[in-house]
Amino acid sequence: MIQIRFKNFLDMFTPIIFIYIILSLGWKNFLFFNVEILLGIILIISLLHFFILLDKNLEKGYKSMIFLSLFILMLSLIFSFLKIFFSYENITSDIKIYTLISLILYVLIRVTYFMRIVYVKIHNPAFIFITSFVFLSFLGSILLMLPASTIVKKISFIDALFTSTSAVCVTGLVVLDTAKDFTYLGKIFILILIELGGLGILTITSFFSYFFRDGFSFKEAIFISNFLNTKTTNNVLSLAVKVVLFTLTVEFIGTLLIYFSIKEKNSIESDNLLFFSIFHSISAFCNSGFSTLSQGLYSQSVRFNYLFQLIIAFLLILGGIGFNILFNFFAYIWLTIKKYLLKIFKDEDFRCPVHVVTLNTKIVILTTFFLLFFGTVFYYISEYHCSLSEHSSFHGKWIVSFFSSATSRTAGFHVLNMNTFTPITIFFTIFLMWIGASPASTGGGIKTSTFALALMNIISLSRGKNRLEIQRKEISSESIRLSFSIIMLSIIVIYISILLIIFLDPKEDILSISFEVFSAFSTAGLSLGITSNLSNGSKLILILLMLLGRIGIFNVMIGFLRKNKIGYHHYYRYPKGNVLIH
């Protein structure tokens with residue numbers, strides 16, 4: 001018991017040191033803080049861990065975690081001593097910035113391992129999933145309230161919580177100007193929250209669990225399979241590693257493409273083009289909609305940069321289509337290429353496995369394609385003489401229409417003046433936001449597969465069929481019931497939220513309120529400009545909606561209502577009762 005308590009104390013001790021330094025000194029003072037004291041703190045932490053490693057009874061997973069943590073801190077120390085030895089210029093600021101990055105990575109490792117300990121002891125994966133997002137939102141609000149995070153003297157807890165929740169839930173609704181109200185450190189905190197919220201803290205936990213898998217249990221595999229939305233427990237850690245590495249790779253490529261697309265543009269409202277590129281690449285892939293520009297992507301500097309808009313559009317489409325879908329689709333492409341290469345160079349016939357592309361992949365990709373296609377055509381026609389009139393070129397209008405169709409479903413960026421939207425465009429945008437992205441992605445909404453199944457089931461019932469069949473496969477009744485349940489629950493929650501906000505803010509336009517509620521629930525992040533004007537009560541409602549939209553309202557109900565034990569009700573059936581519907 002003493003050993004466990006001491007380890008738990010150490011788990012909490014180091015994050016407190018990190019937060020205390022930033023809180024008490026502020027970012028500017030932190031950069032001019034005594035280097036020897038800062039390195040001394042890291043050395044003390046390292047020594048504490050070293051003595052813990054001498055314990056022969058220490059479990060392998062915890063020992064592996066300590067080794068990884070020490071490796072991060074040792075890099076900071078080695079880098080610092082090398083800088084001192086070679087006497088580089090600007091040594092103090094360089095050491096401290098690198099040390100800060102190391103401490104952030106260190107705290108991340110500690111927290112993720114702590115989360116692993118927690119979700120192993122609690123027998124409800126959905127509850128842990130919910131708690132992780134709530135925990136991140138409150139932690140983010142504390143970090144954003146630090147004097148070092150904001151340019152203004154003090155921001156309210158509600159505004160900090162709203163910004164943090166919007167970042168964690170990858171929504172993009174803002175009550176503060178990200179460009180002007182937050183410091184460089186504050187923007188870094190927002191970016192970290194976006195990345196953790198997009199991937200999910202439990203996916204990151206699973207990623208680090210890959211290094212601790214000596215003590216990895218079957219129970220943990222079941223939990224992680226729930227977090228990653230996969231039906232099998234085989235290779236779940238490898239899947240988590242693939243998700244994280246794929247995300248980092250795409251974001252890295254996106255950063256390079258964005259950087260070169262704006263490098264020749266001297267009008268970008270940013271002091272650091274590289275940070276601008278990193279921020280928008282992560283924000284786009286995670287479908288968050290946050291921008292370091294005051295007017296977002298509607299700013300004059302990028303409004304007519306069509307190459308930049310295409311890059312952002314494809315990043316958010318990749319992030320919103322779902323990791324399982326992407327991996328399945330890429331596997332099909334690779335097997336197809338392999339087939340033709342073997343045929344050309346070795347004259348061998350290669351047979352692809354049967355049903356490489358799953359039915360789920362086909363439904364999601366086709367639904368996404370049709371939504372993008374018809375959305376692009378709709379925006380082009382409906383806004384041709386309105387918001388699109390400022391784009392003179394033919395290709396420019398089509399690219400902006402395509403971008404608007406892609407971003408409306410979950411991303412939150414906008415390159416058109418939404419205040420000039422026609423009512424029909426606003427209602428169509430609400431429809432796209434409500435559908436949202438695809439399952440197991442970084443986006444929200446009721447999801448494309450939910451909408452597709454419900455629509456196809458309606459058509460099937462209209463034709464007199466008593467079951468839904470797609471491409472010679474029967475869709476389970478459970479999937480159909482789940483899709484209609486999600487649709488019904490979303491409508492109920494959205495309707496109640498609209499009523500409450502109308503009551504709390506009666507001066508606001510009902511259409512703007514409805515747009516705001518749909519945007520928050522679907523984590524779309526688009527707004528008609530009323531977010532910052534809402535009362536604290538309405539902001540709290542939007543915060544709750546963002547959490548429900550990102551977590552999934554059905555997951556919330558499962559987390560609080562589902563019983564863990566299998567009861568006798570699974571082994572009997574009542575007589576059927578008929579209820580009149582029409």
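Throughout, residue positions are numbered sequentially from 1 according to the sequence presented. Every heavy atom of this structure was used, including side-chain atoms; hydrogens, water molecules and symmetry mates were not.
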Search all heavy atoms of Ser164 against all heavy atoms of Leu144 and return the closest pair with its distance. N-CD1, 3.9 Å
Indicate the atoms forming the closest heavy-atom contact of Thr425 with Ser382, along with that distance. OG1-OG, 3.2 Å
Taking [X] for its side chain and [Y] for its backbone only, find out whether a donor-acceptor pair lies under 3.5 Å.
| X | Y | answer |
| --- | --- | --- |
| Ser281 | Glu251 | yes |
| Ser389 | Cys386 | yes |
| Thr171 | Gly525 | no |

Report yes if the distance between the aromatic ring centroids of [X] and [Y] is under 6.0 Å, otherwise no.
| X | Y | result |
| --- | --- | --- |
| Phe327 | Phe246 | yes |
| Phe275 | Tyr184 | yes |
| Phe431 | Phe451 | yes |

Determine the sole option in Phe428, Phe421, Phe370, Tyr384 for which the ring pair (Phe, Tyr, Trp, His ring centres under 6.0 Å) test with Phe378 is passed. Phe428
From the options Phe304, Tyr380, Tyr306, Phe402, select the one residue that forms a ring pair (Phe, Tyr, Trp, His ring centres under 6.0 Å) with His395. Tyr306
Matching residue for Met546 among Phe521, Phe133, Phe162 - test: side chain to side chain contact (heavy atoms under 4.5 Å, CB included): Phe162
For the pair Arg303 and Glu390, find out whether any cationic side-chain nitrogen is under 4.0 Å from an anionic carboxylate oxygen. yes
Take atom CD1 in Ile424; do more than 12 heavy atoms of anything else shown fall under 6.0 Å from it? no
